[in-house]
**Student:** 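I have a structure I would like to understand better, so I am pasting it below and will then ask my questions one at a time.
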Amino acid sequence: MKAEVFEKLCKRLVTSLLDIRILSMLRNSNPLSGSDIIASVHNEFGFLMSPGTIYSVLYSLEREGLIEGKWDQRRRVYTLTRKGEKNIKLLLQSSEKILETIKEIFHR
């Protein structure tokens, strides 16, 4: 029972913070396709996210100007924009505050 509850919570957290994880992935290895991101999330967290979830976040990040998508043969690959790079740097600098906020949620 404990493992099931933990798995559900982990999936919710990853899904909720997927935009940050994608920006971080792109910062570390440009360019990536949606299927690369799906595989990476699966390898890191042990569950498959639906393509609809991933591509929805990718389109949102692209509309916000944080990433740029380009066609590379038969797949669309994504890279960080300058705005995206600044954004992820700020988030990484704030990681301690983010973790404190998550801890607060559990202790209330």
Side-chain angles (χ1 to χ4, degrees):
M1 182 69 165
K2 288 181 185 180
E4 184 180 310
V5 170
F6 178 75
E7 283 180 35
K8 284 182 180 180
L9 178 61
C10 183
K11 191 171 184 176
R12 282 181 58 195
L13 284 170
V14 172
T15 303
S16 296
L17 301 172
L18 188 57
D19 55 343
I20 296 169
R21 184 65 198 120
I22 289 172
L23 291 174
S24 180
M25 280 189 258
L26 289 172
R27 182 173 192 242
N28 294 325
S29 72
N30 269 325
L32 292 173
S33 69
S35 57
D36 294 330
I37 293 167
I38 291 169
S40 179
V41 168
H42 177 66
N43 289 336
E44 289 179 55
F45 302 104
F47 59 87
L48 282 172
M49 298 197 86
S50 75
T53 300
I54 298 290
Y55 286 102
S56 175
V57 174
L58 287 169
Y59 297 144
S60 176
L61 292 170
E62 196 170 9
R63 280 192 308 272
E64 291 178 41
L66 300 174
I67 64 173
E68 180 179 32
K70 292 183 181 177
W71 287 101
D72 178 26
Q73 296 176 6
R74 293 174 19 196
R75 66 186 196 147
R76 191 160 174 85
V77 294
Y78 299 89
T79 57
L80 274 181
T81 62
R82 285 187 182 167
K83 182 179 177 182
E85 181 68 36
K86 287 179 187 177
N87 198 307
I88 193 61
K89 279 183 183 177
L90 287 171
L91 288 169
L92 291 173
Q93 290 170 356
S94 303
S95 63
E96 280 296 316
K97 180 111 174 101
I98 293 167
L99 290 173
E100 286 175 25
T101 302
I102 291 171
K103 285 179 186 177
E104 248 182 69
I105 290 168
F106 285 101
H107 292 294
R108 287 188 177 201

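What's counted below: heavy atoms across the whole structure, side chains too, no hydrogens, waters or symmetry copies. Starting from 1, each residue takes its place in the sequence as its number.
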**Student:** Test of understanding: with salt bridge (charged side-chain N to carboxylate O under 4.0 Å, His left out), list the residues that count as partners of E100, not counting sequence neighbours.
**Tutor:** none
**Student:** For a quick test of reading the model, state the closest non-hydrogen atom pair linking S35 to Y55 and the distance between them.
**Tutor:** N-OH, 3.5 Å
**Student:** Applying side chain to side chain donor-acceptor pair (under 3.5 Å), can you list everything that pairs with D36, at least two apart in sequence or on another chain?
**Tutor:**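 Side chain to side chain donor-acceptor pair (under 3.5 Å) check on D36 returns S33, R75.
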**Student:** Grouping I, L, V, M, F, W and Y whenever their side-chain heavy atoms are under 4.5 Å apart, do M49 and L26 come out in a common cluster?
**Tutor:** yes
**Student:** Looking only at non-hydrogen atoms, find the nearest pair between I20 and I88 and report the distance.
**Tutor:** O-CD1, 3.7 Å
**Student:** Holding to side chain to side chain donor-acceptor pair (under 3.5 Å), I want the full list of residues that pass it with E7, two or more places apart in sequence or in another chain.
**Tutor:**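 Partners of E7 by the side chain to side chain donor-acceptor pair (under 3.5 Å) criterion come out as none, since no residue qualifies.
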**Student:** To check you understand the geometry: which heavy-atom pair defines the closest contact between Y78 and L58, and what is its length?
**Tutor:** CE1-CD1, 3.6 Å
**Student:** Identify all side-chain donor-acceptor contacts of residues 62-72 below 3.5 Å with residues at least two apart in sequence or on another chain.
**Tutor:**
from : atom 1 : to  : atom 2 : distance (Å)
E62  : OE2    : G69 : N      : 3.0
E62  : OE2    : R76 : NH2    : 2.7
E64  : OE2    : S60 : OG     : 3.3

**Student:** For residues 42-53, which residue pairs pass the side chain to side chain donor-acceptor pair (under 3.5 Å) check, not counting sequence neighbours?
**Tutor:** R21-E44, S40-E44, S50-T53
**Student:** Any non-hydrogen side-chain atom of I54 less than 4.5 Å from a side-chain atom of L18?
**Tutor:** yes
**Student:** Sequence neighbours excluded and cut-off under 3.5 Å, please list the side-chain donor-acceptor pairs for residues 89-97, or say none.
**Tutor:**
from : atom 1 : to  : atom 2 : distance (Å)
S94  : OG     : L90 : O      : 2.9
S95  : OG     : L92 : O      : 3.1

**Student:** Could you note down all residue pairs passing salt bridge (charged side-chain N to carboxylate O under 4.0 Å, His left out) where residues 77-86 supplies at least one of them, sequence neighbours left out?
**Tutor:**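 Listed once each, the pairs are R27-E85.
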**Student:** Should K8 and E4 be marked as a side chain to side chain contact (heavy atoms under 4.5 Å, CB included) after you check the CA-CA gap, both sets of side-chain angles, and the distance that decides it?
**Tutor:** CA-CA 6 Å; K8 284 182 180 180; E4 184 180 310; 3.8 Å; yes
**Student:** Taking all non-hydrogen atoms of both residues, which atom of T79 and which atom of P31 are closest, and how far apart?
**Tutor:**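 Result for this residue pair: CG2-CB, 3.5 Å.
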**Student:** Could you give the distance from CG (L13) to CZ (F45), rounded to the nearest 0.5 Å?
**Tutor:** 9.5 Å
**Student:** Would I98 end up clustered with F106 when hydrophobic side chains under 4.5 Å apart are linked, directly or stepwise?
**Tutor:** yes
**Student:** Find the distance between CD1 (I37) and CD1 (I22) and round it off to the nearest 0.5 Å.
**Tutor:** 4.5 Å
